[in-house]
Amino acid sequence: MPAAVLRVAEGVALPETKQLPPTYKNPISTLATVPEAELCDGSIPIIDLEALHGPRRSHIVKQLGHACEHKGFFAVKNHGIPKTTVNNIFDTSREFFHLPEEERMKFYTPDPNSDIRLMTAYKDEVENVFVARESLKFHCHPVEDYVNKWPTNPPSFREKAAEYLTNVRRVEMTLLDAISESLGLERDYIEKRLGGHYVSLNYYRACEQSELELTYGVRGHTDPTIITMLLQDDVPGLQVLSEGKWMDVNPIPDTVVVHVGDLLQAISNHRYKSLLHQAIVNCEKERMSIASYCYPSSDATMGPPKKLIDNDHPAIYKDFSFGEFSKQMWKVITPTDKRLDFFKSSAA
């Protein structure tokens, strides 16, 4: 995966960075901070993945498109990932983050091109907040090309991670075919543009009550992805921005949360909007989540296809490659879909 995407996907600053880059723009700085955010109750669209393989497929595809267009996220049930597989990936990941610091730090590197890297919590001296997430990020497709670079401690890590990631990639392929179809494109339109697969194992320690007001899990951001698949444990923490308010997306047993990323916003010609989201922490219990996503090949075209452009729907974005998108993100690092502004059509 291109280095720029690794860096932006992890947040607005690398953990060793004491100041934000001088080109950094924070377009969400006017939003309420976590303690002040006005929370809203909202329903989470739930998509039955199993039904995509039966006679109700067209109906489910419409549901999926509606969720992408009007919410930017949804939960998937009947996804076919065995419950033991889900439990195993959480157990082995938790064991990894409970290892002594010197053992975990074997995977720390400032090199954004590394195939695997540990990201540690850090303090943003500029905004005077602490970003508490610790994460292990690595490439994972094809599994056989990368598995030998993954941790061997705990001993079960490679086997359990490979099992989950093979399953979740299958789910994502099914969803991407349906999303392409929901836009009126060929089922394999997005799939033909894919390159590899990337995962982030995220760990949030419980924090002290006195530090809660100035501590984020992860600050508000969109993802530079097509879609992001997020597996949550049973501890709440994910919030999404809905109608100007932060909405809690509490864990629903046996589901995976899926949300729209920047690249799908471009492919859909701004019909599907990239989701602004954040993670909060609590004082009582640690939390884990596992985010994964397929990313395009460097030469894949990310602009809207001609089929989605007409007089009533002019092109919002010009054609650009994923490689160009990655390079541009080195120049102006932003945590939201404004990173797409460089690729807007002159007529937009």
Side-chain angles (χ1 to χ4, degrees), residues 1 3 5-7 9-11 13-17 81-123 130-172 196-207 215 217-218 228-235 237 251 256 279 281-282 284-295:
M1 186 177 191
V5 175
L6 293 183
R7 187 174 181 183
E10 289 155 356
L14 294 173
E16 70 275 14
T17 303
I81 304 175
K83 192 160 188 172
T84 53
T85 299
V86 170
N87 292 338
N88 287 340
I89 186 62
F90 274 130
D91 288 345
T92 197
S93 299
R94 193 172 287 108
E95 283 185 63
F96 173 82
F97 288 109
H98 287 173
L99 291 172
E101 183 178 8
E102 59 269 21
E103 183 70 20
R104 304 195 313 278
M105 289 299 287
K106 291 177 181 178
F107 295 93
Y108 175 80
T109 172
D111 178 12
N113 292 304
S114 178
D115 288 333
I116 182 169
R117 62 191 306 225
L118 179 77
M119 302 291 292
T120 57
Y122 66 95
K123 183 178 181 182
F130 186 71
V131 180
R133 181 179 68 175
E134 184 173 337
S135 54
L136 184 69
K137 302 170 180 290
F138 52 91
H139 293 270
C140 53
H141 180 79
V143 167
E144 58 270 19
D145 288 356
Y146 295 104
V147 66
N148 289 332
K149 299 177 182 180
W150 302 351
T152 55
N153 188 11
S156 64
F157 188 94
R158 290 182 175 180
E159 176 187 355
K160 304 309 181 186
E163 181 183 6
Y164 172 73
L165 293 166
T166 300
N167 274 276
V168 79
R169 183 177 174 85
R170 169 186 53 77
V171 174
E172 184 164 352
H197 196 191
Y198 197 64
V199 64
S200 177
L201 311 179
N202 305 315
Y203 180 69
Y204 306 89
R205 300 180 189 278
C207 75
T215 301
V218 178
T228 301
M229 313 277 294
L230 185 72
L231 184 67
Q232 302 189 84
D233 66 8
D234 60 352
V235 180
V256 178
V281 294
N282 67 81
E284 299 173 357
K285 195 173 182 180
E286 65 185 13
R287 174 177 177 262
M288 280 206 66
S289 69
I290 300 172
S292 61
Y293 49 88
C294 297
Y295 56 87

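- Looking only at side-chain heavy atoms (C-beta outward), Glu134 and Arg205 come within less than 4.5 Å of each other.
- Of the inter-residue distances, the one linking Ile116 atom CD1 with Lys149 atom NZ reads 9.5 Å to the nearest 0.5 angstrom.
- Interatomic distance, Gln232 CD to Ser289 OG, rounded to the nearest 0.5 Å: 7.0 Å.
- In this pair, Phe138 and Trp150 present their aromatic rings tilted. The plane angle is within the 30 to 60° band.
- When all heavy atoms are compared, the tightest approach of Ala132 to Ala121 is O-CB, 3.6 Å.
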Next item on the list: Verify side chain to side chain donor-acceptor pair (under 3.5 Å) between Tyr293 and Glu172, making sure each step is shown before the conclusion.
Entry: CA-CA 8 Å; Tyr293 49 88; Glu172 184 164 352; over 6 Å; no
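- For Asp234 against Pro251, the heavy-atom pair with the smallest separation is C-CG, 3.9 Å.
- A distance-only check finds a donor-acceptor pair linking the side chain of Asn167 to the backbone of Glu163 [under 3.5 Å].
- Taking the centre of each ring, His197 and Tyr146 stay at or above the 6.0 Å mark.
- Using a 4.5 Å heavy-atom threshold, the side chains of Glu286 and Phe97 count as separate.
- Lys137 approaches Ser200 most closely through the heavy-atom pair NZ-OG, 2.8 Å.
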Next item on the list: Check step by step if side chain to side chain contact (heavy atoms under 4.5 Å, CB included) holds for Tyr203 and His98.
Entry: CA-CA 10 Å; Tyr203 180 69; His98 287 173; 3.4 Å; yes
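- Counting heavy atoms from C-beta on, the side chains of Lys160 and Asp91 never come closer than 4.5 Å.
- Considering only heavy atoms from C-beta on, Ile290 comes within 4.5 Å of Tyr164 through its side chain.
- A donor-acceptor pair is defined here as one N or O able to donate and one able to accept, closer than 3.5 Å; no such pair exists between the side chain of Arg133 and the backbone of Val218.
- Atoms OG1 and CG, from Thr92 and Asn153 in turn, are 9.0 Å apart once rounded to the nearest 0.5 Å.
- The backbone N or O of Ile89 sits less than 3.5 Å from a side-chain atom of Ser93, completing a donor-acceptor pair.
- A distance of 5.0 Å separates OG of Ser156 from CD of Glu95, quoted to the nearest 0.5 Å.
- Among all heavy-atom pairs drawn from Tyr108 and Leu118, the shortest one is CD1-O, 3.3 Å.
- The OH atom of Tyr295 sits 4.5 Å away from the NE2 atom of His139 when rounded to the nearest 0.5 Å.
- With Arg287 contributing its side chain and Asp233 its backbone, the two residues share no donor-acceptor pair below 3.5 Å.
- Inter-residue side-chain proximity for Leu136 and Phe107 is flagged as met; some heavy-atom pair is nearer than 4.5 Å.
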Next item on the list: Let me see the working for Phe157 and Leu201 under side chain to side chain contact (heavy atoms under 4.5 Å, CB included), right down to the final yes or no.
Entry: CA-CA 12 Å; Phe157 188 94; Leu201 311 179; 3.6 Å; yes
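- With contacts defined as side-chain heavy-atom distances shorter than 4.5 Å, the pair Thr152/Arg158 qualifies.
- Between Arg169 and Ser292, every side-chain heavy-atom pair lies at or beyond the 4.5 Å cut-off.
- Within the 4.5 Å cutoff, the side chain of Val168 has no heavy atoms near those of the Leu231 side chain.
- Rounded to the nearest 0.5 angstrom, Asp145 CG and Asp115 CG are separated by 9.5 Å.
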